[in-house]
Number of protein chains: 2
Amino acid sequence: MVRNSRWDFRFLATETMLRLTKKADYGLMALKYLAEQALATGKTGAASAQSAKDIAEAYHIPPQLLAKILQTLARQGLLVSHAGTHGGYALARPATEINAFEVIRAIDGPLFITSCITIHGTCDLAGHCTIKEPLRKVNDSIKDLLAGIVIADLAETPDHEPSVTLAGGLVSIAL
Amino acid sequence: MVRNSRWDFRFLATETMLRLTKKADYGLMALKYLAEQALATGKTGAASAQSAKDIAEAYHIPPQLLAKILQTLARQGLLVSHAGTHGGYALARPATEINAFEVIRAIDGPLFITSCITIHGTCDLAGHCTIKEPLRKVNDSIKDLLAGIVIADLAETPDHEPSVTLAGGLVSIAL
DNA sequence: GGAATTCCGGACCATTGCAGTCCTAAGTGT
DNA sequence: ACACTTAGGACTGCAATGGTCCGGAATTCC
């Protein structure tokens, strides 16, 4: 009865039904790392570049995989890259101006909360699915939620409380 | 550059990075249908039962697949089922007392927003991943968001405004 | 009692996406 | 020249999703 899938979720406390890919996870971790390094070294921009290899080792992430992720982030303009001996990646903008939504979208691409909404905004089940609109609102709310979180919030800066109430992080949903 | 996946998302307006499975979609549609039928017929509980086949045809959903979904929903206690000639499924509770979170969880099972959090609450990258805690908050916020939406909100009742501001649908996030 | 209807649930399969690896450029600094 | 690093395409293994099929059990109607 409980064993209806590969998971045994009898012992769960927290749970949701929405999934973030590992790549997005890694990407956020990398950005967090870069933000911390920039702050620690006092340097800013390309001066505080860290190589993909270094970041991968710091978090025990498959290096090749992280390399790809960083490449796409650079391609999307969230990071600046620099090849060469002391090259690497650095945040393209201040850590307070890059939010989680951008990062995730850059990596995973835009996915819709409901499979009902396609590229063209039309519904697979043309007209039959009346659930679309309410879910779109949820969709937007989640987006706002994530857009309200910036990299700086993730970074544990030395002189910075670990938990800070985030201004602008209030999201209302109206159906 | 844009063609980094099977989707061409150059024309997108709305977008998120979180996905709901088709099954959950179907499940919500089915519940909505049942809620509307119950209201339309004036009957309540098992008296307003609809067969899986009927619902599937109403929305052009693969009947066998919907059947399975309804079975799990019944198993989870969200629906009551009744075999036999005029059997079928009906909401186990009033449409105002079943929320989207329950439904999705019942169907997809609990998925974590970050692959970082496992069943046991531990992190794959034991200690290395410092991103976990902030994302857990997002996780919870999304949960609250979905828990604030009930089936009745999805149903288009005749004497009911299509768009209603939902009380309790206010979610705050503090990192 | 029997037939029609409907739910139950296991087994199965095809496709797809994700995670991860490998390899070959090409740019950059010493 | 050489070491270091990014850029990116090709490929693989695996698991999950979406979907089908079948035999069986409950219920109702005749």
Side-chain angles (χ1 to χ4, degrees), chain A residues 1-7 17-27 30 46-47 49-57 60-76 79-90 104 107-109 111 114-116 124-125, chain B residues 1-7 17-27 30 46-47 49-57 60-76 79-90 104 107-112 114-116 124-125:
Chain A
M1 181 163 288
V2 168
R3 51 169 166 71
N4 74 334
S5 83
R6 60 239 88 99
W7 285 310
M17 64 313 309
L18 298 169
R19 201 183 52 226
L20 211 59
T21 65
K22 232 169 204 167
K23 290 184 189 178
D25 244 18
Y26 293 158
Q50 304 286 323
S51 79
K53 183 161 157 280
D54 289 345
I55 305 176
E57 282 173 359
H60 298 91
I61 300 174
Q64 312 244 40
L65 183 54
L66 183 63
K68 283 205 138 22
I69 296 169
L70 295 178
Q71 282 167 32
T72 57
L73 286 176
R75 218 182 306 134
Q76 303 281 335
L79 293 179
V80 287
S81 66
H82 198 73
T85 307
H86 282 97
Y89 296 91
I104 297 170
I107 296 175
D108 287 344
L111 296 183
T114 167
S115 39
C116 188
D124 278 4
L125 315 164
Chain B
M1 181 164 290
V2 167
R3 51 169 166 72
N4 73 334
S5 84
R6 60 243 89 97
W7 283 311
M17 65 312 309
L18 299 168
R19 200 184 54 225
L20 210 59
T21 65
K22 232 168 202 169
K23 289 185 189 178
D25 242 19
Y26 292 158
Q50 303 287 323
S51 79
K53 184 161 156 280
D54 289 345
I55 305 177
E57 282 173 359
H60 299 91
I61 300 174
Q64 312 243 41
L65 181 55
L66 183 63
K68 284 208 139 16
I69 296 169
L70 295 178
Q71 281 167 33
T72 59
L73 286 175
R75 217 183 306 137
Q76 303 281 335
L79 293 179
V80 288
S81 65
H82 198 72
T85 307
H86 282 96
Y89 296 91
I104 297 171
I107 296 175
D108 288 343
L111 297 183
F112 303 99
T114 167
S115 37
C116 189
D124 279 4
L125 316 165

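Just so it is clear, the structure is predicted and the values come from calculations on it, not from any experiment. As a basis for the values below, the full set of heavy atoms in this structure was taken, side chains included, without hydrogen atoms, waters or symmetry mates. Labels below follow one simple rule: chain letters A, B, ... track the order of the sequence lines, proteins then strands, and each chain is numbered from 1.
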Item checked: side-chain contact (heavy atoms from CB on, under 4.5 Å) partners of Gln50(A), counting only residues at least two apart -> Tyr33(A), Leu34(A), Gln37(A), Asp54(A), Ile55(A)

Next item on the list: Summarise how protein sits on nucleotides 21-30 of chain C as a single string, 5' to 3': B when a protein heavy atom is under 4.0 Å from the base, S for sugar-phosphate-only contact, - for no contact.
Entry: BBB---BBB-

Next item on the list: Rounded off to whole Å, could you give me the CG-to-C1' distance for the Asp54(A) and dC4(D) pair?
Entry: 11 Å

Next item on the list: Round to a whole Å and report the spacing from CD1 of Ile61(B) to P of dG19(D).
Entry: 10 Å

Checklist line | Which nucleotide in dT6(D), dC7(C), dG9(C) has an atom nearest any side-chain atom of Arg75(B) | finding: dG9(C)

Notebook entry, point to check: Which value, rounded to the nearest 0.5 Å, describes the distance between Lys23(B) atom NZ and Ile107(B) atom CD1?
Noted result: 9.0 Å

Item checked: For atom CD1 of Ile107(A) and atom P of dG17(C), their distance in whole Å -> 18 Å

Checklist line | Partner residues of Pro63(A) under the side-chain contact (heavy atoms from CB on, under 4.5 Å) criterion, sequence neighbours left out | finding: Ala56(A)

Notebook entry, point to check: With respect to the side chain of Tyr26(B), which nucleotide from dA7(D), dG19(D), dT5(D) is positioned closest?
Noted result: dG19(D)

Check: Could you give the CG-to-C1' distance, from Asp108(B) to dT17(D), as a whole number of Å?
Finding: 10 Å

Margin query: For Ala67(A) versus Tyr89(A), what's the shortest heavy-atom pair and its separation?
Written below: O-OH, 4.2 Å

Note to self: Under 4.0 Å, counting only non-hydrogen atoms across every strand here, what does Ala67(B) touch: a base, just sugar-phosphate, or nothing?
What the structure shows: nothing

Check: In whole angstroms, how far is the C1' atom of dG9(C) from the CD1 atom of Ile69(B)?
Finding: 15 Å

Item checked: Contacts of type side chain to side chain donor-acceptor pair (under 3.5 Å), residue Ser81(A), not counting sequence neighbours -> none

Checklist line | Integer-rounded Å distance: dC4(D) C1' and Lys53(A) NZ | finding: 9 Å

Margin query: If the cut-off is 4.0 Å, is Ser81(A) near the phosphate of dT5(D), judged by side-chain N/O to OP1 or OP2?
Written below: no

Margin query: Distance check needed: dC7(C) C1' versus Leu79(B) CG, whole Å only.
Written below: 12 Å

Check: In whole angstrom, what separates Ile55(A)'s CD1 from dT6(D)'s C1'?
Finding: 12 Å

Next item on the list: Find out whether Gln71(B) and Arg75(B) are in side-chain contact, i.e. whether some heavy atom of one side chain is under 4.5 Å from a heavy atom of the other.
Entry: yes

